[in-house]
Amino acid sequence: MPTTIRVAHSPDSDDAFMFYALAERKIDTGDLRYEHELSDIESLNHRARRKELDVSAVSIHAYAYLSQDYALLASGSSMGDGYGPRLVGRTPAVDARTAARGRRIAVPGTLTTAYLALRLWQPDFEAVVVPFDQIEDAVRRGDAELGLLIHEGQLTYADDGFALWVDLGAWWLSETGLPLPLGGNVIRRDLGDAIMAQVARDLKASIVYGLEHRRPALDHAKKFNRGISDERTDTFVGMYVNDWTVDYGERGRRAVQLLLDRAAEAKIIPERVVVDFVG
């Protein structure tokens, strides 16, 4: 009798790319059957906190609140290697870090890694929580003075008339020499070691399959690209599905631990979390 594993991830082109082979049954998963659910990342963060999901994409920030019930899979990371969430405004800033102090900033959720990185960069601001795809509109309306962009907005903000204040992935690299670990995939510990190990193998195989069959995987992924061109979809997928996604590696693991250590030191999360990886 097959075992059904409920997998949840964002309706984004990068997640769609990495889960393509699983969704389209391109790889042999033995006795496991995967049932996919799509939701925005902040909703998934909260659903994982309620232990509703077997396997889920989550923000690395959110993992600080999940580690008792979930382990981090070694494959499936979204790393910003010198790039990442972008803080933008309607006009440029000379000294952005100082200018951002005390501002109302539209953020895509307080469990997102984008929010965590922004708090590390500038802890003094008023967060205005807005769905990630409505952040630019919130700034235009004046509901917020600045906007913190994730997903495709990182590529399109200038087209929409916004000026870059800081790229938080570039800032983190300059601070630490490491990539910024934005998201990952977690698995429930109570599924047991055998199933956890098989899911880890299947997810890695799905990512490798997509990278080795890039054209059909991109054709699948572009259904989720929210209006950007095929060329930009390819660029965006390349930013967040790559060798880091196949496996964090030693440097990626170090980046995850350091980010959460910095968050604990800054009292953004309640306590230090020791991260363990499956696979």
Open item on the list: For a side-chain hydrogen bond (donor to acceptor under 3.5 Å, both in side chains) check, start with the C-alpha distance between Asp159 and Thr156, then their side-chain angles and the critical distance, and finish with the verdict.
Closed with: CA-CA 5 Å; Asp159 298 345; Thr156 60; 6.0 Å; no
Open item on the list: Whether the Asp230 and Thr233 side chains hold a donor-acceptor pair (N or O, under 3.5 Å, no angle test) is what I'd like checked.
Closed with: no
- [ ] Give a yes-or-no answer on whether the side chains of Glu42 and Asn45 include a donor-acceptor pair shorter than 3.5 Å.
- [x] yes
In terms of hydrophobic clusters joined by side-chain contacts under 4.5 Å, are [X] and [Y] together?
{"X": "Val273", "Y": "Leu116", "value": "yes"}
{"X": "Val275", "Y": "Leu120", "value": "yes"}
{"X": "Trp244", "Y": "Val241", "value": "no"}
{"X": "Leu87", "Y": "Ile268", "value": "yes"}
{"X": "Tyr157", "Y": "Tyr115", "value": "no"}

How far does [atom1] of [X] sit from [atom2] of [Y], to the nearest 0.5 angstrom?
{"X": "Gln198", "Y": "Ile187", "atom1": "CD", "atom2": "CD1", "result": "9.5 Å"}
{"X": "Leu203", "Y": "Arg201", "atom1": "CG", "atom2": "CZ", "result": "12.5 Å"}
{"X": "Leu155", "Y": "Phe236", "atom1": "CG", "atom2": "CZ", "result": "7.0 Å"}
{"X": "Ile60", "Y": "Leu111", "atom1": "CD1", "atom2": "CG", "result": "12.5 Å"}
{"X": "Thr245", "Y": "Met239", "atom1": "OG1", "atom2": "CE", "result": "12.0 Å"}
{"X": "Leu180", "Y": "Met79", "atom1": "CG", "atom2": "CE", "result": "8.5 Å"}

More than 12 foreign heavy atoms under 6.0 Å from [atom1] of [X]: is that the case here?
{"X": "Glu250", "atom1": "CD", "result": "yes"}
{"X": "Asp276", "atom1": "CG", "result": "yes"}
{"X": "Arg25", "atom1": "CZ", "result": "no"}

Quick check: closest heavy atoms across [X] and [Y], and the distance to 0.1 Å?
{"X": "Ser10", "Y": "Leu44", "result": "N-CD1, 3.9 Å"}
{"X": "Ser59", "Y": "Ile41", "result": "OG-CG1, 3.6 Å"}
{"X": "Lys204", "Y": "Ser75", "result": "CB-OG, 3.4 Å"}
{"X": "Gly142", "Y": "Arg104", "result": "O-NH1, 3.3 Å"}
{"X": "Leu182", "Y": "Pro85", "result": "CD2-CD, 3.5 Å"}
{"X": "Asp202", "Y": "Tyr34", "result": "OD2-OH, 2.7 Å"}

TODO: Quick one: which residue pairs count as a salt bridge (Lys or Arg N to Asp or Glu O under 4.0 Å) with a foot in residues 109-124, not counting sequence neighbours?
DONE: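 The answer is none; no pair qualifies.
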Are any of the side-chain heavy atoms of [X] and [Y] separated by less than 4.5 Å?
{"X": "Val88", "Y": "Leu146", "answer": "no"}
{"X": "Gln257", "Y": "Arg272", "answer": "yes"}
{"X": "Lys222", "Y": "Phe17", "answer": "no"}
{"X": "Val139", "Y": "Glu145", "answer": "no"}
{"X": "Arg253", "Y": "Pro181", "answer": "no"}
{"X": "Met196", "Y": "Arg188", "answer": "no"}
{"X": "Leu149", "Y": "Glu136", "answer": "yes"}
{"X": "Val107", "Y": "Val128", "answer": "no"}

Open item on the list: Before you tell me yes or no, could you show the steps for Glu37 and Arg6 under salt bridge (Lys or Arg N to Asp or Glu O under 4.0 Å), namely the whole-Å CA-CA distance, both residues' side-chain angles and the distance that decides it to 0.1 Å?
Closed with: CA-CA 7 Å; Glu37 300 181 36; Arg6 293 164 61 223; 3.2 Å; yes
Open item on the list: Applying side-chain contact (heavy atoms from CB on, under 4.5 Å) to Asp69 and Arg49, what does each step give before you reach the verdict?
Closed with: CA-CA 9 Å; Asp69 299 303; Arg49 288 193 74 176; over 6 Å; no
Open item on the list: Show every side-chain hydrogen bond (donor to acceptor under 3.5 Å, both in side chains) that has at least one partner inside residues 14-23, sequence neighbours left out.
Closed with: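 Not a single pair qualifies under side-chain hydrogen bond (donor to acceptor under 3.5 Å, both in side chains).
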Open item on the list: With side-chain contact (heavy atoms from CB on, under 4.5 Å) as the criterion, how do Leu66 and Leu72 come out once you've worked through the C-alpha distance, each side chain's angles and the decisive distance to 0.1 Å?
Closed with: CA-CA 10 Å; Leu66 307 173; Leu72 197 60; over 6 Å; no
Look at the side chain of [X] and the backbone N and O of [Y], then say whether any donor-acceptor pair between them is shorter than 3.5 Å.
{"X": "Ser43", "Y": "Ser39", "value": "no"}
{"X": "Glu52", "Y": "Arg47", "value": "no"}
{"X": "Arg97", "Y": "Trp121", "value": "yes"}
{"X": "Ser174", "Y": "Trp171", "value": "yes"}
{"X": "Arg214", "Y": "Gly210", "value": "no"}
{"X": "Thr98", "Y": "Asp95", "value": "no"}

Open item on the list: Taking ring-ring contact (aromatic ring centres under 6.0 Å, His included) as the cut-off, I'd like each qualifying pair that reaches into residues 50-90, sequence neighbours left out, listed once.
Closed with: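 Of all non-adjacent pairs touching residues 50-90, those that pass ring-ring contact (aromatic ring centres under 6.0 Å, His included) are Tyr83-Tyr240.
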Task: Residue pairs fulfilling ring-ring contact (aromatic ring centres under 6.0 Å, His included) with at least one residue in residues 186-219, sequence neighbours excluded - done: Tyr209-His213
- [ ] Only counting residues at least two apart or in another chain, list the ones meeting salt bridge (charged side-chain N to carboxylate O under 4.0 Å, His left out) with Arg141.
- [x] Asp143
Open item on the list: Walk me through whether Thr91 and Phe162 qualify under side-chain contact (heavy atoms from CB on, under 4.5 Å).
Closed with: CA-CA 7 Å; Thr91 57; Phe162 289 91; over 6 Å; no
Open item on the list: With side-chain contact (heavy atoms from CB on, under 4.5 Å) as the test, pick out the partner of Asp54 among Asp190, Ile5, Val7, Thr4.
Closed with: Ile5
Task: Basic-acidic side-chain contact under 4.0 Å: Lys26, Glu24 - done: no
Open item on the list: Salt bridge or not between Glu152 and Arg232? Use side-chain N to carboxylate O under 4.0 Å.
Closed with: no
TODO: Could you give me the CA-CA distance, side-chain angles and deciding distance for Leu73 and Val55, then say whether side-chain contact (heavy atoms from CB on, under 4.5 Å) is met?
DONE: CA-CA 9 Å; Leu73 290 162; Val55 178; 4.1 Å; yes
Open item on the list: Please enumerate all residues that pass ring pair (Phe, Tyr, Trp, His ring centres under 6.0 Å) together with Phe132, with sequence neighbours excluded.
Closed with: His151
